[in-house]
Amino acid sequence: MMKKDMETKYNPKDVEDRLYAQWMDKGYFHAKVDESKTPYTIMIPPPNITSQLHIGHAFEYTLIDTLMRFKRMQGYNALWMPGTDHAAIATEVKIVEDMAKDGLTKAGLGREGFMKRAWEWYDKYGNIIISQIQKLGSSCDWERTRFTMDEGLSEAVLEVFVRLHEKGLIYRGERLVNWCTNCKTSISDAEVEHEDKQGGFWHFKYPIKDSDEFVTFATTRPETMLGDTAIAVNPDDERYKHLIGKFAIMPIFDREIPIVADDYVKADFGTGMVKITPAHDFNDFELGKRHNLPIINVMNDDGTINENGGCYEGMDRYDARKRIIKEFTENGLFIKKEEINNSVGVHDRCKVVVEPLNKMQWFVKMEGLAEPALEAYTKGDLNIVPPRFGKVYTHWLENIKDWCISRQLWWGHRIPAYYCRDCGEITVAKSAPSACKCGCKNLTQDQDSLDTWFSSALWPFSTLGWPNDTKELKYFYPTNVLCCGYEILFFWVVRMVFSGQEFMGELPFKDVLFHGIVRDDQGRKMSKSLGNGIDPLVVIDQYGADALRFSLATGNTPGNDLRFYDEKVEQSRNFLNKVWNASRFIMMNLDETPLNVGLEDLTPADKWILSKANTLAQEVTELLEKYELGIAADKVQTFMWDEFCDWYIEFSKPRLYNEGDPTRPAALWTLKHVLAVGLRLLHPFSPFLTEEIYQSFGFGESIVISQWPKYDETHNFTADEGDIEQIKEAVRALRNLRQQKDVPPSRKAKTFVVSASEDVRRIFEGGKAYIMALAGASEVIVSATKDGAPENSVSVVVPSAEIFMPLTDLVDMEKEKVRLEKEIKKLQGEVDRVTAKLNNQGFLAKAPEAMVEEERAKGAKYQEMLEVVQKQLEQIK
RNA sequence: GGGAGCAUAGCUCAGUUGGGAGAGCAUCCGCCUUACAAGCGGGAGGUCACUGGUUCAAGUCCAGUUGUUCCCACCA
């Protein structure tokens with residue numbers, strides 16, 4: 001706890017774990033169903049159980065936690081649902097690697113043995129990331145932690161599969177799918193990444209049967225020639241019309257393949273002739289269907305050539321490629337090789353080139369599911385922040401293809417389809433049927449499991465108990481906002497939307513808040529291969545969780561990438577330390593006596609900061625509602641540091657140091673009050689420090705459950721703020737003068753404020769003590785005329801006043817001339833700008849009246865100041 | 001091929017509905033002023049990528065150009 005003799009540096013290590021344990025102990029993060037309160041719900045994007053916390057997680061959880069804490073303080077029943085994802089492929093790969101260390105393989109262990117091992121992995125690593133999320137201060141309801149392969153969530157998966165199947169929205173079919181020869185599983189379109197690669201473009205020719213002519217074509221994948229079953233040309237291509245219907249001869253096997261006409265072929269591209277391999281190319285597959293071409297699959301699951309490849313059988317696809325080129329070269333059928341930049345599909349997990357293979361797989365039919373999801377956005381029910389991602393969302397849905405959901409993996413939800421060995425009937429059911437329709441009991445379950453996103457698509461309602469009709473589901477669904485990285489828009493957001501619509505009849509969330517990627521200090525993506533990753537735990541160890549969080553929340557705008565560098569965290573740490581010290585200062589000046597202070601006891605300075613804090617509360621609230629976390633955090637920082645610490649605390653010192661000052665209690669009250677407001681506004685961003693201070697002051701049991709500051713009209717003194725601003729301006733001008741004259745603050749000087757305005761004199765009468773304390777005045781005399789001012793003094797001009805300080809014995813008149821000339825130039829610039837505006841008839845006619853008035857007032861002010869400074873310059877001359 | 005983002009001080013970035021260009025870091029000068037040197041005070045530094053348009057008024061809105069990053073896409 002903070003004490004009066006406490007260190008001048010805030011030490012997060014003394015605080016964070018203790019407070020987090022306390023919060024957990026008190027159950028502040030646990031949200032119970034309570035009809036008297038409005039729920040506010042966010043589902044965590046469940047991290048993979050293979051993951052260590054990385055800086056991207058820290059960023060995401062900072063954003064979410066800020067929203068959660070803000071809403072909790074506003075009085076909502078705030079639920080942040082936490083959990084983890086089984087991450088099918090990613091985890092299975094890790095487990096297989098781990099098994100290999102013990103000399104074990106999947107085949108050796110068998111399915112059951114493997115699953116046992118996988119669950120051991122989960123037990124061992126599944127909770128690591130959770131404890132890391134806690135280190136960040138995340139206010140998740142840990143009593144509700146879920147895992148995508150929990151019993152309940154698995155039931156949801158089965159339920160969804162069965163229902164979609166019944167509706168005909170899940171079907172099994174032989175299709176060309178993206179096949180990863182490394183992971184030996186099919187993957188969805190969304191998991192294919194396109195990489196531009198420099199590669200060969202080989203030109204070949206096949207002889208034409210009963211002719212001296214040849215067909216010539218080019219390919220980037222010569223090995224697929226083994227599966228060629230046609231040559232295609234454009235039907236309108238005059239060059240080749242005579243060939244349509246004839247046969248070419250694929251020389252390796254002397255296979256006769258037809259020359260067909262199809263619009264797919266562009267006459268003006270390449271030779272205008274295309275080799276057709278239905279088994280290994282998506283376009284060729286479609287073309288093949290149109291022309292009833294045979295499908296000859298020449299590749300094994302591991303990317304080697306199969307028995308259909310003749311003498312190439314057993315060779316890796318790339319070795320076969322080389323050998324085929326060699327063979328064609330020898331036969332004189334190879335024409336040339338070009339180098340081209342080609343876009344190739346790779347598996348996003350392992351980056352190995354994906355092969356289209358013809359496979360029996362399960363698919364979700366997207367037609368019918370996509371439309372409502374699209375409509376939700378176009379009708380405005382789904383709000384995407386920032387809006388530009390709405391275009392990405394609609395474009396994806398408008399061009400969506402069926403979703404391949406079966407994976408040749410064991411770690412995941414096994415497909416609930418049962419095959420009859422007798423009649424071949426497929427039964428889809430939540431649990432194994434006792435018998436097939438045909439009466440036999442010889443059933444086997446599908447060997448495949450589901451895409452990991454199939455289960456995470458259900459996350460917003462499966463975590464709340466669906467398909468059971470729980471009170472949690474009723475109360476917390478739909479959630480309020482989904483906050484995740486834009487890179488999983490297709491994988492996750494879209495699929496949650498249509499799943500929620502289909503099974504809950506309601507969108508899973510109203511708002512989607514996308515964030516960007518955290519990059520390194522040079523703007524590069526963080527990656528293992530570059531070794532430029534940042535471990536948030538190391539940063540926390542060095543600077544504290546609050547500093548990390550604050551630095552991630554500031555200087556960023558929704559959806560934009562964020563650059564991470566130590567100096568920024570350091571700056572945040574420094575700011576938080578500033579708050580710590582300001583609190584220490586206030587604490588030091590407090591004593592046991594209760595502060596019996598009313599608004600009527602406040603001085604102009606008190607009202608000024610109180611009013612500023614009041615406005616700030618409103619601004620920060622509005623910004624957080626708009627998900628403008630960066631600006632909100634910045635406003636809090638500017639207020640706490642620049643206004644509260646640098647000005648108000650300094651204003652308060654003369655009053656605090658004078659025990660007899662009747663306004664001393666008012667200053668103390670204001671300090672405490674404004675600190676309490678500032679702390680609460682800062683709390684969502686930096687929970688630990690704010691809680692530590694809050695409790696030390698005895699502001700309440702915990703800041704976590706304190707009330708969010710609200711705008712209070714009785715604290716609105718914006719009309720009077722100008723008085724203090726005038727004092728500030730005078731102080732700044734005098735400090736500037738001293739600096740230029742090289743007069744140290746320790747050298748006090750009698751100061752004269754001259755103003756013809758009674759109002760202004762009143763302001764300065766009230767601000768005497770501040771000018772003495774902050775601008776090195778030994779005494780401040782306010783008068784209507786210059787009469788009392790000493791002869792040899794220099795002066796600064798502020799609006800409606802001239803301030804004299806006798807520093808002349810040190811003043812170099814030449815330098816003074818330069819200073820005044822510079823000042824005149826500056827003021828003249830202002831006057832010119834305003835004059836130009838006011839001479840513009842269009843401006844006078846069309847600008848709002850208030851704007852014109854404002855400009856007139858400014859013009860008069862600057863004109864007056866300009867004249868005074870000009871007079872000063874003349875006197876020197 | 002289609003779409004999007006970005007381009008503002010030396011660096012990293014803000015700039016909310018159009019109305020006198022901001023912050024942090026770095027830099028220069030002066031301060032250990034009893035909350036804080038992780039600090040205080042004072043400076044310097046910008047044709048807001050370019051061109052045109054709308055407007056009384058453009059960093060902000062519109063069109064185009066250049067550079068750059070990313071996403072999507074079946075060009076053999």
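In the text below, chain A, chain B and the rest are named by the order of the sequence lines, each starting its count at 1.
- Note: Phe585(A) and Tyr657(A) have perpendicular aromatic rings, judged against thresholds of 30 and 60 degrees for the angle between ring planes.
- With respect to the salt-bridge test (charged N to carboxylate O, under 4.0 angstrom), the residues Lys728(A) and Glu643(A) qualify.
- Residues Asp541(A) and Lys13(A) are paired through a salt bridge, judged by an N-O separation under 4.0 Å between the basic side chain and the carboxylate.
- For the C1' atoms, the distance linking G18(B) with G53(B) amounts to 15 Å, nearest Å.
- Of the P atoms belonging to C62(B) and U16(B), the separation is 14 Å, rounded to the nearest Å.
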Annotated protein contacts, base or backbone, on nucleotides 59-76 of chain B with a non-hydrogen cut-off under 4.0 Å, one of B, S, - each: -------------SBBBB
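- Remark: Lys266(A) does not engage Asp268(A) in a salt bridge, criterion side-chain N to carboxylate O under 4.0 Å.
- Taking the side chain of Glu567(A) as heavy atoms from C-beta on, and the options G42(B), C25(B), A35(B), the nearest nucleotide is C25(B).
- Dashed line: the shortest gap from a side-chain N or O of Lys9(A) to OP1 or OP2 of A38(B) is under 4.0 Å.
- Applying the 3.5 Å distance criterion, the base of A23(B) shares no donor-acceptor pair with the side chain of Lys635(A).
- The side chain of Ala847(A) has G19(B) as its nearest neighbour among G15(B), C25(B), G19(B).
- Here Glu854(A) pairs with Lys858(A) in a salt bridge; the nearest charged N to carboxylate O distance falls below 4.0 Å.
- Residues Arg563(A) and Asp520(A) are not paired through a salt bridge, judged by the lack of any N-O separation under 4.0 Å between the basic side chain and the carboxylate.
- Nucleotide C50(B) is matched to G64(B) when pairs are restricted to Watson-Crick or G-U wobble geometry with both distances under 3.5 angstrom.
- Using N1 to N3 plus N6-O4 or O6-N4 for Watson-Crick, or N1-O2 and O6-N3 for G-U wobble, each under 3.5 Å, U34(B) pairs with nothing.
- Here C56(B) is the nucleotide among C56(B), G42(B), A35(B) with the atom lying nearest to any side-chain atom of Asn840(A).
- Between Arg732(A) and Glu729(A), none of the side-chain N atoms (NZ, or NE/NH1/NH2) sits under 4.0 Å from a carboxylate O, so this pair counts as no salt bridge.
- One atom, NZ of Lys822(A), and another, C1' of G43(B), lie 7 Å apart when rounded to the nearest Å.
- Among the nucleotides G5(B), C56(B), A38(B), the one closest to any side-chain atom of Asn560(A) is G5(B).
- Between G45(B) and G24(B), the two C1' atoms lie 15 Å apart (nearest whole Å).
- A distance of about 22 Å separates the P atoms of U17(B) and C13(B), rounded to the whole Å.
- With hydrogens and angles ignored, no donor-acceptor pair under 3.5 angstrom links the side chain of Gln739(A) to the base of G30(B).
- Contact annotation: Thr557(A) side-chain N/O to G15(B) OP1/OP2 distance is under 4.0 Å.
- Pair assignment for A21(B): none, as no Watson-Crick or G-U wobble contacts are both less than 3.5 Å.
- Here the separation of A7(B) from U60(B), taken at their P atoms, is 11 Å to the nearest Å.
- Nucleotides G59(B) and A9(B) are separated by 15 Å at their P atoms, to the nearest Å.
- Within the structure, a side-chain polar atom (N or O) of Asn736(A) is placed less than 4.0 Å from OP1 or OP2 of G43(B).
- Side-chain proximity of Arg563(A) to U12(B), A38(B), G30(B): nearest is U12(B).
- Using N1 to N3 plus N6-O4 or O6-N4 for Watson-Crick, or N1-O2 and O6-N3 for G-U wobble, each under 3.5 Å, C75(B) pairs with nothing.
- Counting to the nearest Å, the C1' atom of A57(B) and the CE atom of Met851(A) are 9 Å from each other.
- At a threshold of 4.0 Å, the pair Asp561(A)-Lys525(A) does not count as salt-bridged, since none of the basic side-chain nitrogens sits closer than that to a carboxylate oxygen.
- Ring geometry for Phe490(A) against Trp396(A) counts as parallel: the plane angle stays under 30°, on a 0 to 90° scale with 60° as the upper cut.
- Look at the C1' atom in both G67(B) and A49(B): the space between them is 8 Å, to the nearest Å.
- Comparing atom distances between the Glu628(A) side chain and each of A44(B), G15(B), A35(B) picks out G15(B) as nearest.
- For the P atoms, the distance from A23(B) to C36(B) is 26 Å, rounded to whole Å.
- For the pair Lys391(A) and A4(B), the criterion of a side-chain N or O lying under 4.0 Å from OP1 or OP2 is met.
- Under 4.0 angstrom from either OP1 or OP2 of A35(B) there lies no side-chain N or O belonging to Trp641(A).
- Side-chain to base pairing of Gln571(A) with A23(B): no donor and acceptor N or O lie closer than 3.5 Å to each other.
- One interatomic measurement links the two molecules: CG of Asp634(A) to C1' of A14(B), which rounds to 7 Å at whole-angstrom precision.
- Side-chain atoms of Arg388(A) lie closest to G5(B) of the nucleotides G5(B), G39(B), C25(B).
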